[in-house]
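Beneath this line is the structure, given in structure tokens, with notes to follow.
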Amino acid sequence: QKEVEQNSGPLSVPEGAIASLNCTYSDRGSQSFFWYRQYSGKSPELIMSIYSNGDKEDGRFTAQLNKASQYVSLLIRDSQPSDSATYLCAVNKDTGRRALTFGSGTRLQVQP
Amino acid sequence: DVKVTQSSRYLVKRTGEKVFLECVQDMDHENMFWYRQDPGLGLRLIYFSYDVKMKEKGDIPEGYSVSREKKERFSLILESASTNQTSMYLCASSPDRVPSNQPQHFGDGTRLSIL
């Protein structure tokens, strides 16, 4: 079992729809969770961070965390073609290790 | 804004060469990281450093070493480059403060080809 798992996709949604991206993690001691967006040929760009159970909203993005079920998700409302990218879920496994563990990413395609 | 600068966007080297990848950050971050990214394998941690002259192995340190002589600069060294080290290399930095798990900020990446 991978430490951080994401469906590789592609996830295809029509423009204006809600895109839902999911991530599960194996280490129950994980403390912090991040979503990065990566355009083809570019480096990852942080879009959301979440530390406690529940929802966190930032503009069109909502991150959801459920530590009991060990999953974190990202919702993108009113999806735009410019949202087409690979979305990486990253988890900090415990407070002693400063590095993040990344999932392999989900490729999102927003169809105009 | 955090600025993480990697010295080269593209680099072509030959097998057996010693290769240096440089990374500089301007935000006085304590932590710096080197990852490589390969299709289907995602981002994998090679080494990280949490202070000057301090380093810790990541998940795939074999064939690599690092140097951190100044806080702002973190170098990745391929001691004797091999073709299986052809990859995208990403440098990142993060502050080391409460909450202890701060997000990492990435440089633009170096696409390294070993021929």
Side-chain angles (χ1 to χ4, degrees), chain A residues 1-10 23-27 29-52 56 58 61 63 65 67 72 74 85-107, chain B residues 1-6 8-10 23 25 27 29-51 54-61 66 74 87-111:
Chain A
Q1 182 191 8
K2 289 184 180 178
E3 294 179 276
V4 180
E5 292 212 53
Q6 296 180 254
N7 189 318
S8 61
C23 171
T24 59
Y25 59 95
S26 60
D27 189 335
S30 299
Q31 300 289 323
S32 306
F33 307 85
F34 306 95
W35 283 99
Y36 287 82
R37 177 177 61 201
Q38 186 174 25
Y39 292 113
S40 181
K42 302 292 187 182
S43 62
E45 170 194 11
L46 178 72
I47 52 173
M48 289 287 287
S49 59
I50 187 165
Y51 301 97
S52 54
K56 179 181 177 183
D58 184 0
F61 298 98
L65 175 61
K67 288 187 177 180
V72 57
L74 179 71
T86 296
Y87 289 80
L88 303 172
C89 173
V91 174
N92 187 293
K93 293 198 293 182
D94 57 59
T95 56
R97 173 175 156 123
R98 296 164 175 86
L100 300 178
T101 301
F102 285 82
S104 298
T106 298
R107 189 156 63 94
Chain B
D1 273 357
V2 177
K3 185 69 174 175
V4 179
T5 303
Q6 294 184 230
S8 306
R9 288 300 312 277
Y10 301 94
C23 176
Q25 50 94 5
M27 286 301 293
H29 285 171
E30 289 79 11
N31 303 321
M32 296 188 75
F33 309 85
W34 276 107
Y35 293 88
R36 63 178 283 178
Q37 186 174 30
D38 301 288
L41 297 177
L43 277 153
R44 294 181 291 167
L45 180 68
I46 304 171
Y47 266 99
F48 70 97
S49 167
Y50 53 89
D51 201 352
M54 306 302 288
K55 61 185 180 184
E56 286 198 26
K57 293 180 180 179
D59 300 316
I60 52 164
V66 290
F74 192 36
S87 186
M88 169 72 93
Y89 289 86
L90 289 159
C91 175
S93 73
S94 70
D96 199 39
R97 54 177 177 258
V98 177
S100 60
N101 308 306
Q102 297 290 321
Q104 295 173 10
H105 301 271
F106 286 87
D108 288 337
T110 296
R111 189 165 291 282

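Proteins come first, then strands; the chains are lettered A, B, ... in the order of their sequence lines, and each starts at number 1.
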- Query: Considering only heavy atoms, which portion of B:Arg44 lies under 4.5 Å from any heavy atom of chain A: side chain, backbone, both, or neither?
  - Reply: neither
- Task: Against chain B, label A:Gln38 side chain, backbone, both or neither, depending on which of its atoms sit under 4.5 Å from a heavy atom there.
- Result: side chain
- Note on the structure: If one checks every heavy atom of B:Leu43 against chain A at 4.5 Å, the contacting part turns out to be both
- What is the minimum heavy-atom distance between A:Ser104 and B:Gly40, and which atoms define it? OG-O, 3.9 Å
- Query: Hey, does A:Phe34 have a side-chain heavy atom less than 4.5 Å from the side chain of B:Gln104?
  - Reply: no
- Is a side-chain N or O of A:Ser43 found less than 3.5 angstrom from the main chain of B:Gly109, in a donor-acceptor match? no
- Message: Nearest 0.5 Å, please: how far is CG in B:Leu45 from OG1 in A:Thr101?
- Response: 8.0 Å
- Message: What's the separation between atom CZ in A:Phe102 and atom OH in B:Tyr35, rounded to the nearest 0.5 Å?
- Response: 4.5 Å
- Rounded to the nearest 0.5 Å, how far apart are CD of B:Gln37 and CG of A:Leu88? 6.5 Å
- Out of curiosity, A:Leu46 CG to B:Ser94 OG, how far, rounded to the nearest 0.5 Å? 11.5 Å
- Note on the structure: Nearest heavy-atom contact between B:Phe48 and A:Ala99 is CD2-CB, 4.3 Å
